[in-house]
Number of protein chains: 2
Amino acid sequence: MKQISTRFSIAVHTLSLIAVSPRECTGDYIAGSVNTNPVVIRRIMGMLKKAGLVEVRPGVGGASLLKAPEDITLLDVYRAVDVIEDNQLFRVHEGPNVQCPVGRNIESALQSELSEAQSAMEHRLAQTTLSRLIERFE
Amino acid sequence: MKQISTRFSIAVHTLSLIAVSPRECTGDYIAGSVNTNPVVIRRIMGMLKKAGLVEVRPGVGGASLLKAPEDITLLDVYRAVDVIEDNQLFRVHEGPNVQCPVGRNIESALQSELSEAQSAMEHRLAQTTLSRLIERFE
DNA sequence: ACCGTTGTAACCATTATAGTTACTACTCTT
DNA sequence: AAGAGTAGTAACTATAATGGTTACAACGGT
């Protein structure tokens with residue numbers, strides 16, 4: 001199957017780097033640490049900017065956090081990079097046969113359970129802050 | 001982003017139908033309830049069979065559960081249909097720069113947090129049984 | 001004015017998905 | 001023995017997300 005995009009892990013990497021690094025972090029520098037193309041980083045930075053997590057100095061270059069690392073959770077990043085469609089982790093097949101009792105009810109019955117499972121995952125993501133992550137490798 | 005494949009929800013639909021239906025469930029009948037192509041159902045049935053959840057009578061047709069609905073959880077189904085690759089919900093970017101303290105440590109630091117989040121989701125799936133689901137629409 | 005940087009658009013190769021057609025193998029019924 | 005209906009699979013297709021790439025315009029400091 002498809003997994004959740006590396007956009008998420010790259011975004012966490014990027015934010016960690018900005019938080020930790022003493023020097024100005026340009027897109028190229030970050031790309032060098034992540035080991036990918038600078039455009040990939042710029043795309044992700046655009047999402048992080050839109051989410052209000054970072055600001056970027058255009059022209060001169062360099063990014064900085066808009067929130068303290070203690071106040072950025074993995075859930076914030078996960079949401080910022082728009083990593084699941086329509087905010088629904090599980091996709092449910094559409095148009096089941098409404099003549100059938102199963103077909104008629106499966107969607108709502110499943111959705112509530114799947115939402116619970118998704119929430120459990122996201123709740124756990126919300127418990128890890130960026131500061132907690134970076135303290136492991138400073 | 002990509003979401004988790006409808007294979008999962010179709011598999012749950014299929015098992016529910018088998019559990020609920022008084023008549024023999026052929027692939028074509030299930031496909032009619034799910035509203036998809038019979039081959040899609042047969043493929044999923046193959047996975048459910050391999051996981052030991054159902055048995056299918058070849059030739060004559062019809063499927064039946066190999067476990068009681070109380071003993072089949074959503075996690076069992078989710079695992080059976082092989083819905084995430086390598087059993088890792090989150091994909092982490094590969095080959096970060098090991099010269100960089102962030103690049104060197106991000107993978108293991110992230111992996112442990114992401115595994116926790118994934119486990120939280122799967123644990124919640126394990127709490128819902130097929131019987132609990134079907135009692136809502138019998 | 002120049003240079004390095006950011007912000008995008010456009011394109012491409014790869015991959016998973018889900019539907020479809022087609023064919024073989026199997027079992028029961030007649 | 002033959003036929004009808006079903007399961008099992010292979011193969012092909014269209015669609016879409018991903019992640020990398022090139023190219024270029026806009027911006028700001030030296």
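Every chain is numbered from 1 and lettered A, B, ... according to where its sequence line falls, protein lines coming before strand lines. Computed over heavy atoms, backbone and side chain alike; hydrogens, waters and symmetry mates excluded. Nothing here was measured: the structure is a model prediction, and the numbers come from that model.
Between A/T6 and the phosphate of D/dG19, there is a side-chain N or O to OP1/OP2 separation shorter than 4.0 Å. The side chain of B/R57 places no N or O atom within less than 4.0 Å of a non-bridging phosphate oxygen (OP1 or OP2) of D/dT6. Put simply, B/S5 has no side-chain N or O that comes within less than 4.0 Å of OP1 or OP2 on C/dA16. Between B/R43 and the phosphate of C/dG19, there is no side-chain N or O to OP1/OP2 separation shorter than 4.0 Å. For C/dT6, neither phosphate oxygen OP1 nor OP2 lies less than 4.0 angstrom from any side-chain nitrogen or oxygen of A/K49.
Across D/dT18, D/dT22, C/dC28, the shortest atom-to-atom separation from the side chain of A/R7 is found for D/dT18. Taking the side chain of A/N37 as heavy atoms from C-beta on, and the options D/dA7, D/dT22, D/dG19, the nearest nucleotide is D/dT22. Listed candidates were C/dT6, C/dC28, C/dG19. Nearest to the side chain of B/T36 is C/dG19. Proximity note for A/V39 (side chain, C-beta onward) versus C/dA22, D/dG8, D/dT21: the nearest is D/dT21.
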Next item on the list: Check the pair A/E113, B/R124 against salt bridge (Lys or Arg N to Asp or Glu O under 4.0 Å), reporting the backbone distance first and the verdict last.
Entry: CA-CA 8 Å; A/E113 299 298 324; B/R124 181 59 185 78; 3.3 Å; yes
Notebook entry, point to check: Passes side chain to side chain contact (heavy atoms under 4.5 Å, CB included), A/N87 versus A/E122? Steps please.
Noted result: CA-CA 11 Å; A/N87 203 29; A/E122 295 177 351; 4.1 Å; yes
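Between the CZ atom of B/R91 and the P atom of C/dT15 there is a distance of 10 Å, rounded to whole Å. As rounded to whole Å, 7 Å separates atom P of C/dG7 from atom CE of A/M45. The nearest whole Å value for the distance from the CD1 atom in B/I10 to the P atom in C/dA18 is 7 Å. Distance CG (A/D28) to P (C/dG7): 12 Å, rounded to an integer number of Å. If you measure from atom CG of B/D82 to atom C1' of C/dT17, you get 14 Å, rounded to the nearest angstrom. Distance B/I44 CD1 to D/dA7 P: 14 Å, rounded to the nearest Å. Rounded to an integer number of Å, the gap from B/I84 CD1 to C/dA16 P is 14 Å. Regarding B/I41, its CD1 atom lies at a distance of 15 Å from the C1' atom of D/dG8, rounded to whole Å.
Side chain of B/S9 to backbone of A/H93: a donor-acceptor contact under 3.5 angstrom is found.
Below 30°, between 30° and 60°, or above 60°: for B/F90 and A/F8 the angle between ring planes is between 30° and 60°, a tilted geometry.
Among the protein residues, A/G59 comes within range of the nucleic acid bases, having at least one heavy atom under 4.0 Å from a base atom. Using a 4.0 Å heavy-atom distance criterion, A/G46 is classed as making no nucleic acid contact.
Neither side chain, A/Q111 nor A/E107, offers a donor N or O lying under 3.5 Å from an acceptor on the other.
Where B/R42 and A/N35 meet DNA chain D, the nucleotide closest to each residue was compared, and B/R42 sits on the side nearer the 5' end.
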